[in-house]
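Count residues from 1 along the sequence.
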Amino acid sequence: MSGFDRHITIFSPEGRVYQVEYAFKAINTTNLTAVAVKGKDVAVIAVQKRVPDSLVISDSVSSIYQISKTIACCVIGIVPDAKFQVKRARYEAAHFKYANGYDMPVDLLAKKVADLNQYYTQNAEMRCLGIGIIFISFDDEKGPEVYRIDPAGYYRGMRAVSIGVKQGPATTCLEKKIKKKELWDSTHPAEIAIESLQTALGIDVRAKDLEVVVVSKGSIHNLTGEEIEQYLNIIASRD
């Protein structure tokens with residue numbers, strides 16, 4: 001590549017910035033997958049949970065974070081990068097509420113975080129963050145919302161989305177499900193998210209291997225192992 005991959009501010013002759021492409025690949029280094037689904041009244045994220053060592057306390061390992069009273073997120077990729085960006089997102093949300101007197105809308109927070117990611121792609125003294133982010137929230141006017149943000153600084157609102165190593169199979173599963181509108185509308189988003197994640201992984205997952213967060217009006221709730229097990233039993237009985 002003649003050194004074009006060594007600097008964030010240099011384009012290759014084909015118009016590519018290799019360091020940004022490497023940041024996308026870094027998302028998969030943790031070998032995790034997350035799925036988010038927006039329903040009528042709630043938004044849900046389901047993500048794999050992998051404890052790296054039997055000596056590690058399971059509760060200390062998580063890819064899900066609460067940003068404010070109305071916003072939760074899932075961050076996959078390089079863990080220190082994830083912690084840094086979550087800390088910045090919490091600061092932005094808290095500063096907005098202090099300045100304006102109400103909680104920061106998730107679309108504004110997604111734009112702010114995406115702008116920061118984009119800034120890192122053109123500043124020679126920084127590097128791109130190797131993380132993919134999903135924000136979910138409940139807005140009093142718009143209802144449930146889901147946003148995805150990538151290392152290049154591109155963000156968009158989604159009806160359903162997946163990030164991580166099995167993003168392709170999970171997205172295919174979601175696209176098939178959303179075509180069946182009546183079934184989609186009548187099924188709880190948590191069930192759709194868990195089933196899509198399980199289908200993408202190609203294995204029967206256990207409750208202890210999953211994290212699920214549900215955001216509804218006035219509530220951010222992390223599902224317990226028993227609650228996740230109930231959804232897994234529903235999926236297994238239907239199959």
Side-chain angles (χ1 to χ4, degrees), residues 20 23-24 26-27 30 32-47 62-123 126-164 167 189-190 193 211-223:
V20 177
F24 277 86
I27 295 173
T30 50
L32 298 176
T33 304
V35 176
V37 177
K38 179 176 75 170
K40 290 183 178 179
D41 303 310
V42 300
V44 176
I45 297 174
V47 59
S62 179
S63 301
I64 289 176
Y65 306 89
Q66 182 171 344
I67 304 301
S68 69
K69 290 183 178 180
T70 60
I71 302 173
C73 77
C74 172
V75 189
I76 287 180
I78 300 174
V79 176
D81 286 6
K83 300 284 188 182
F84 167 79
Q85 200 67 320
V86 167
K87 181 180 178 182
R88 182 58 186 261
R90 286 172 173 165
Y91 166 79
E92 294 294 341
H95 179 73
F96 182 94
K97 185 168 185 179
Y98 177 78
N100 298 280
Y102 62 94
D103 289 312
M104 188 176 194
V106 68
D107 58 328
L108 292 183
L109 181 60
K111 181 180 185 302
K112 182 67 178 181
V113 173
D115 287 346
L116 289 169
N117 283 3
Q118 202 282 327
Y119 177 69
Y120 296 153
T121 69
Q122 55 182 326
N123 195 322
M126 296 180 177
R127 68 164 174 82
C128 296
L129 299 178
I131 52 175
I133 305 174
I134 298 175
F135 282 126
I136 61 172
S137 176
F138 188 94
D139 185 88
D140 289 336
E141 296 179 0
K142 300 177 182 178
E145 294 184 278
V146 175
Y147 279 85
R148 174 186 173 172
I149 307 166
D150 65 30
Y154 181 61
Y155 78 102
R156 59 259 193 204
M158 308 291 293
R159 296 177 65 186
V161 68
S162 174
I163 59 173
Q167 174 184 328
E211 288 183 279
V212 182
V213 61
V214 179
V215 176
S216 58
K217 186 172 184 178
S219 170
I220 296 178
H221 175 55
N222 290 287
L223 297 191

**Student:** So, Asp139 side chain and Glu141 main chain: donor-acceptor pair closer than 3.5 Å or not?
**Tutor:**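 Judged by distance alone, yes, a pair lies under 3.5 Å.
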**Student:** Could you tell me if the side chain of Cys128 sits less than 4.5 Å from the side chain of Phe24, heavy atoms only?
**Tutor:**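 No, their side chains stay 4.5 Å or more apart.
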**Student:** Looking at Val113 and Ala89, what are the two nearest heavy atoms and their distance?
**Tutor:**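 So the two residues come closest at CG2-CB, 4.2 Å.
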**Student:** NZ of Lys112 to NE2 of His95: how many Å apart, nearest 0.5 Å?
**Tutor:**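 Interatomic distance, Lys112 NZ to His95 NE2, rounded to 0.5 Å: 8.5 Å.
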**Student:** To the nearest 0.5 Å, what is the distance between CZ on Arg148 and CZ on Arg156?
**Tutor:**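 These two atoms lie 4.5 Å from each other.
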**Student:** Output the distance between atom CG (Leu109) and atom CD (Glu145), rounded to the nearest 0.5 Å.
**Tutor:**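 Rounded to the nearest 0.5 Å, the CG-CD separation comes out at 11.5 Å.
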**Student:** Is a side-chain donor or acceptor of Asn123 paired with a backbone partner of Tyr119 at a separation under 3.5 angstrom?
**Tutor:**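 Between the backbone of Tyr119 and the side chain of Asn123 there is no qualifying donor-acceptor contact (under 3.5 Å).
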**Student:** So which heavy atom on Ala72 is nearest to which on Val215, and how close?
**Tutor:**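 So the two residues come closest at CB-CG2, 4.0 Å.
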**Student:** A side-chain contact here means heavy atoms from C-beta on lying under 4.5 Å apart; do Pro151 and Leu129 qualify?
**Tutor:**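 In short, these two side chains do not touch, never coming nearer than 4.5 Å.
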**Student:** Just checking, any donor-acceptor pair under 3.5 angstrom between side chains of Gln66 and Asn222?
**Tutor:**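 Asn222 and Gln66 do not have a side-chain donor-acceptor pair below 3.5 Å.
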**Student:** With sequence neighbours left out, write down each residue that passes side-chain contact (heavy atoms from CB on, under 4.5 Å) with Asp140, or none if nothing qualifies.
**Tutor:**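 Phe138, Lys217.
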**Student:** Treating Glu211 as the side-chain partner and Ser62 as the backbone partner, does any N or O pair qualify as donor plus acceptor under 3.5 Å?
**Tutor:**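 No; zero donor-acceptor contacts below 3.5 Å.
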**Student:** With heavy-atom distances below 4.5 Å as the criterion, would you say the side chains of Val212 and Val44 are in contact?
**Tutor:**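 The answer is yes; the side chains approach within 4.5 Å.
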**Student:** Treating Asp81 as the side-chain partner and Gly130 as the backbone partner, does any N or O pair qualify as donor plus acceptor under 3.5 Å?
**Tutor:**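 It does hold such a pair.
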**Student:** Which heavy atom in Met104 sits nearest to a heavy atom in Phe96, and how many Å separate them?
**Tutor:**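 The pair with the smallest heavy-atom distance is CA-CD2, 3.3 Å.
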**Student:** Report the distance from atom CD1 of Ile131 to atom SG of Cys74, rounding to the nearest 0.5 Å.
**Tutor:**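 Result: 10.5 Å between the selected atoms.
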**Student:** Give me the atom names and distance for the closest heavy-atom approach of Ile71 to Pro105.
**Tutor:**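 Smallest heavy-atom distance, with atoms named: CD1-C, 4.4 Å.
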**Student:** Can you name the nearest heavy-atom pair linking Gly39 to Pro144, along with the distance?
**Tutor:**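 That closest heavy-atom pairing would be O-CG, 3.5 Å.
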**Student:** When you look at Lys111 and Asp107, which way does the salt bridge (charged side-chain N to carboxylate O under 4.0 Å, His left out) test go after all the steps?
**Tutor:** CA-CA 6 Å; Lys111 181 180 185 302; Asp107 58 328; over 6 Å; no
**Student:** With the side chain counted from C-beta on, respond yes when Met158 and Ile134 share a heavy-atom pair under 4.5 Å apart, and no when they do not.
**Tutor:**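 They are not in side-chain contact.
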**Student:** How many angstroms lie between atom NE2 of His221 and atom OG of Ser216, to the nearest 0.5 angstrom?
**Tutor:**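 OG of Ser216 is found 9.0 Å from NE2 of His221.
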**Student:** Could you report the tightest heavy-atom contact between Val42 and Pro189, atom names first, then the distance?
**Tutor:**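 Looks like CG2-CG, 3.7 Å.
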**Student:** Assign the ring pair Phe84 / Tyr120 to parallel, tilted or perpendicular, where the plane angle (0 to 90°) is split at 30° and 60°.
**Tutor:**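 Rings of Phe84 and Tyr120: tilted, as their planes differ by 30° to 60°.
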**Student:** When rounded to the nearest 0.5 angstrom, what is the spacing between CD1 in Ile27 and CG in Asp150?
**Tutor:**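 Atom-to-atom, Ile27:CD1 and Asp150:CG are 7.0 Å apart.
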